[in-house]
Amino acid sequence: MSEYGDFSMGHESGELEQLHQEAGSEQDYNSQFGVFAQDHSAAESTDFETGKHVEFTGADGSHYESTDYTNYSNDSEESDSVFAAQGSESSHFAEYSQLDALRAQFESNFAEGTQISGGEGGLSIASS
């Protein structure tokens, strides 16, 4: 230290580097199908016959004849059918990637000094 004081000067520098990478993906698939079927069938067949025949010949030569006849026939058929199909399908695919880079430089100049001076009040030390 000299009588004029102590001074120092300098230079500082610093550097910061940061690299951050992130990546991801997702995939979805959905499949849904439904089938509904209904069937109904009916058949009917009815046949009905009756008959009556009367024939009479008397001793005196008289003749009597009577015929009654009934015929009934029914054929019916019924059919119902229902068919339904429903389906859905979906897919999803997403992908992402992210890259963050940070670079910062810090520089600073500094000067410091301490000065000793004498005065009426005695010695004093001043610093900046």
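Predicted, not measured: the structure shown is a model, and the values here were computed from it.
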Which heavy atom of [X] sits nearest a heavy atom of [Y], and at what distance?
X   : Y   : answer
A37 : F83 : CB-CD1, 4.2 Å
D39 : D80 : OD1-O, 3.1 Å
Y29 : S91 : CD1-CB, 3.9 Å
D75 : T46 : OD1-N, 4.3 Å

Compare all side-chain heavy atoms of [X] with those of [Y] and state whether any distance is below 4.5 angstrom.
X   : Y   : value
E78 : H40 : yes
H20 : L99 : no
E55 : H63 : yes

side-chain contact (heavy atoms from CB on, under 4.5 Å) between E65 and H53, intermediate numbers included: CA-CA 8 Å; E65 185 176 345; H53 181 74; 3.1 Å; yes

Could you check D47 against S73 for side-chain hydrogen bond (donor to acceptor under 3.5 Å, both in side chains), going step by step and ending with a plain yes or no? CA-CA 4 Å; D47 290 322; S73 177; 2.8 Å; yes

To the nearest 0.5 Å, how far apart are CG in D68 and OG1 in T50?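 Taking CG in D68 and OG1 in T50, the distance rounds to 8.0 Å.
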
Could you give the distance from CG (N74) to CZ (F48), rounded to the nearest 0.5 Å?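 Answer rounded to 0.5 Å: 13.5 Å.
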
Does any donor atom in the side chain of E26 or H92 lie under 3.5 Å from an acceptor atom in the other side chain?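 Yes, a side-chain donor-acceptor pair sits under 3.5 Å.
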
Might you work through the side-chain contact (heavy atoms from CB on, under 4.5 Å) test for Y96 and E22, ending with a clear yes or no? CA-CA 8 Å; Y96 72 94; E22 184 176 335; 3.5 Å; yes

